[in-house]
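Below, chains carry the letters A, B, ... as their sequence lines are ordered, and counting in each starts from 1.
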Amino acid sequence: MRDFGVIGARLLHWYDRHARSLPWRVPQGQADPYRVWLSEVMLQQTTVAAVKSYFQRFTSLWPTVHDLAAAPDAQVMGEWAGLGYYARARNLLACARAVSAMGGFPDTREGLGALPGIGPYTSAAIAAIAFGRAETVVDGNVERVVSRLFAVETPLPAAKPELVRLATLLTPDQRPGDFAQAMMDLGATICTPRSPACGICPILDECAARAQGIAADLPRKLPKKAKPQRFGTVWIGFAGDRVLVETRPDKGLLGGTLAFPSTGWDGSDMEAPAGGDWRDMGVVRHVFTHFTLDLTVLSGQLTANPERGNLLALREFSPSALPGLMRKAWSLAKPDLAQPETARPAATMRRAGKPGKNPP
DNA sequence: TAGACGTGGGT
DNA sequence: TACCCAAGTCT
């Protein structure tokens with residue numbers, strides 16, 4: 001029987017010396033539940049590098065959960081643009097408003113888990129990190145670390161309950177938040193998916209997979225399905241110095257984001273906005289989690305009042321408020337504004353984004 | 001319950 | 001290029 005206390009102690013000792021400095025981490029003292037929650041939601045399926053600037057921007061605009069709760073939907077969606085998984089932004093606002101109305105964050109895993117956008121992982125993370133509760137935090141890093149530590153060969157996701165059980169055995173009563181972050185840091189920097197740096201691992205001697213020489217092969221996963229290819233068309237229509245945009249419906253892909261009118265991606269059709277000669281500006285390829293999209297970008301002058309969406313003055317339009325797919329489309333169709341970059345508003349400069357790759 | 005849901009970076 | 005991956009949640 002392995003000594004779980006030794007593993008926890010070694011990890012915490014390692015964490016005390018090697019913890020990464022991150023904007024949402026408080027060196028000592030009690031973490032702010034609002035900042036813990038915000039960072040954890042942003043970090044769902046998203047890299048630390050991508051989250052940093054968004055976290056700074058959000059906490060600067062909205063220092064407390066009450067400030068965020070009072071923000072307009074469109075502004076929050078615009079600030080989230082580019083980060084992906086937009087249901088998170090919609091749930092973020094719903095959660096902020098619920099929390100603000102109840103006067104603050106619940107301090108238990110159960111209470112937190114009842115809020116929108118907070119699932120098993122995030123509720124445990126906030127309870128442990130912000131409130132010092134001995135909850136077991138299991139994310140992708142922890143699954144990997146634990147599957148190797150105990151050489152669990154059952155493929156994910158079937159192995160999940162067993163990994164949670166083992167992780168629970170490891171979680172200490174003292175410093176559960178630091179322990180959780182230590183596990184995640186270990187997974188992110190040493191116990192990596194490929195080429196794990198076992199040589200510098202603080203719990204090398206405890207690792208069953210290392211002993212068997214199969215660390216890099218774990219966790220095992222079921223083969224994934226092929227990604228279908230889909231096609232669509234987007235219209236970028238101008239009326240003088242205005243451009244036609246719309247807010248997408250809350251449900252479904254890119255729900256609630258600012259966008260240009262487009263067809264569906266599954267063969268469904270849509271009438272082009274009333275326009276004359278639509279010019280073919282090329283195709284942008286965009287890879288989603290579950291399909292690849294080739295989107296034909298058409299651009300032209302509108303000849304009648306659009307039936308849907310609204311015309312936005314170009315000077316008030318910031319591509320940074322668009323999701324990545326629509327930024328790519330815009331980069332193909334945007335008019336030459338004949339202005340030096342430095343003369344453009346700061347809001348447009350920020351996160352202007354790289355032009356989308358354009359297949360031949 | 002398995003599929004929907006973004007994006008960018010690493011190999 | 002192509003594939004994998006990242007501090008998951010919702011339905």
Side-chain angles (χ1 to χ4, degrees), chain A residues 20 22-25 36-55 77 80-92 94-95 112-126 128-129 136-145 156-158 160 164 167 177 179-189 191-196 216 219 221-230 248 250-257 259 265-266 284-293 322-328 351 353-354 356-357 359-360:
Chain A
R20 294 178 292 173
L22 299 171
W24 45 87
R25 273 190 185 160
V36 173
W37 162 72
L38 180 62
S39 65
E40 291 301 343
V41 172
M42 286 183 166
L43 286 162
Q44 289 167 6
Q45 297 288 284
T46 309
T47 57
V48 165
V51 164
K52 279 182 178 171
S53 64
Y54 284 84
F55 180 82
M77 293 307 294
W80 194 276
L83 200 53
Y85 284 141
Y86 298 96
R88 291 185 296 171
R90 286 177 268 124
N91 286 332
L92 190 79
C95 183
L112 290 160
L115 292 164
I118 300 185
Y121 162 75
T122 306
S123 61
I126 300 172
I129 297 168
T136 303
V137 179
V138 182
D139 73 333
N141 288 303
V142 176
E143 287 178 359
R144 184 169 58 254
V145 169
L156 284 167
K160 178 86 184 232
V164 169
F179 175 78
Q181 294 178 90
M183 290 282 278
M184 294 189 283
D185 268 20
L186 185 75
T189 62
C191 197
T192 51
R194 281 171 291 195
S195 311
K221 296 187 178 180
L222 259 29
K224 47 189 59 177
K225 295 175 179 173
K227 219 170 262 200
Q229 170 79 53
R230 295 183 182 168
R248 293 176 61 87
D250 274 354
K251 299 278 183 186
L253 196 70
L254 307 178
T257 64
W265 324 127
D266 41 20
V284 289
R285 173 162 295 175
H286 195 73
V287 181
F288 293 101
T289 305
H290 50 300
F291 66 96
T292 299
L293 176 66
L322 298 170
L325 170 66
M326 294 294 160
R327 282 186 207 176
K328 287 184 184 176
R351 286 204 321 263
K354 290 179 283 189
K357 281 183 188 167

Legend entry - Same-atom distance (P) from C:dC4 to B:dG3, integer angstrom: 16 Å
Legend entry - Shortest side-chain distance from A:K224, nucleotide among C:dT9, C:dC4, C:dG8: C:dC4
Inset, instruction - From the options B:dT7, B:dC5, C:dC5, select the nucleotide whose nearest atom is closest to the side chain of A:K221. - result: C:dC5
Inset, instruction - Between A:R25 and A:G113, just flag the one whose closest nucleotide in DNA chain C comes earlier from the 5' side. - result: A:R25
Inset, instruction - Please check the phosphate of C:dG8 (OP1 and OP2 only) for any side-chain N or O of A:Q44 closer than 4.0 Å. - result: no
Inset, instruction - Tell me what A:V51 touches on the nucleic acid: a base, only sugar-phosphate, or nothing, going by heavy atoms under 4.0 Å. - result: nothing
Legend entry - Gap in Å between the two P atoms, one belonging to C:dA6 and one to B:dC5, rounded: 22 Å
Legend entry - Nucleotide C:dA6, atom P - distance to CG of A:L22 in whole Å: 17 Å
Inset, instruction - Could you work out which one of C:dA6, C:dG8, B:dC5 sits closest to the side chain of A:L253? - result: B:dC5
Legend entry - Donor-acceptor pair, side chain of A:R230 and main chain of A:F291, under 3.5 angstrom: no
Inset, instruction - In whole angstrom, give me the gap between the P atoms of C:dT9 and B:dG8. - result: 22 Å
Legend entry - Residues that A:S123 engages under side chain to side chain donor-acceptor pair (under 3.5 Å), provided they are two or more places apart: A:R109
Inset, instruction - Would you indicate which nucleotide in C:dC4, C:dG8, C:dC10 comes nearest to any side-chain atom of A:T122? - result: C:dG8
Inset, instruction - Respond yes when some side-chain nitrogen or oxygen of A:R88 is under 4.0 Å from OP1 or OP2 of B:dG6, and no when none is. - result: no
Legend entry - Whole-Å distance separating the OH atom of A:Y54 from the P atom of B:dG6: 13 Å
Inset, instruction - Determine the contact category for A:V287: base if any of its heavy atoms lies under 4.0 Å from a base atom, sugar-phosphate if only primed atoms, P, OP1 or OP2 are that close, otherwise nothing. - result: base
Legend entry - Euclidean distance, atom CZ of residue A:F291 to atom C1' of B:dT7 [Å, nearest integer]: 13 Å
Legend entry - For atom NZ of A:K251 and atom P of C:dT9, their distance in whole Å: 17 Å
Legend entry - Between CH2 on residue A:W24 and CG on residue A:L43, distance to nearest 0.5 Å: 4.5 Å
Legend entry - Whole-Å distance separating the CG atom of A:D250 from the P atom of C:dC10: 15 Å
Legend entry - Steps toward side chain to side chain contact (heavy atoms under 4.5 Å, CB included) verdict (A:M77, A:R90): CA-CA 8 Å; A:M77 293 307 294; A:R90 286 177 268 124; 4.0 Å; yes
Legend entry - Phosphate OP1/OP2 of B:dG6 contacted by A:H286 side-chain N/O (<4.0 Å): no
Inset, instruction - Let me know the distance between CZ of A:F288 and P of B:dG3, rounded to the nearest Å. - result: 19 Å
Legend entry - Whichever of A:L83 and A:K225 has its nearest DNA chain B nucleotide further upstream toward 5': A:K225
Inset, instruction - Select base, sugar-phosphate, or nothing to describe what A:G187 touches, counting heavy atoms under 4.0 Å on all strands. - result: nothing
Inset, instruction - Please determine, for the side chain of A:R194, which listed nucleotide (B:dC5, C:dA6, C:dC4) has the closest atom? - result: C:dC4
Legend entry - A:W80 CH2 to C:dT9 P, straight-line distance once rounded to whole Å: 12 Å
Legend entry - Donor-acceptor pair (no angle test) under 3.5 Å: A:Y85 side chain, B:dG6 base: yes
Legend entry - Nearest-nucleotide pick for A:P120, side chain only, options being B:dT7, C:dA6, C:dT9: C:dT9
Legend entry - side chain to side chain contact (heavy atoms under 4.5 Å, CB included) between A:I129 and A:E40, intermediate numbers included: CA-CA 10 Å; A:I129 297 168; A:E40 291 301 343; 3.7 Å; yes
Inset, instruction - Indicate, with a heavy-atom threshold strictly under 4.0 Å, whether A:L293 touches base, sugar-phosphate, or nothing. - result: nothing
Legend entry - CZ on A:R144 to OG1 on A:T192, rounded to 0.5 Å: 7.0 Å
Legend entry - A:K227 side-chain N/O to A:F288 backbone N/O, donor-acceptor pair under 3.5 Å: yes
Legend entry - Pairwise 5' ranking along DNA chain C for A:I118 and A:S39, keeping only the more 5' one: A:S39
Legend entry - Listed nucleotide nearest any side-chain atom of A:H290, set C:dA6, B:dC5, C:dG8: B:dC5
Legend entry - Protein-nucleotide distance (A:N91, atom CG; C:dG8, atom C1'), rounded to Å: 12 Å
Inset, instruction - Would you kindly check whether a donor in the side chain of A:T46 faces an acceptor in the base of B:dG6, or vice versa, at under 3.5 angstrom? - result: yes
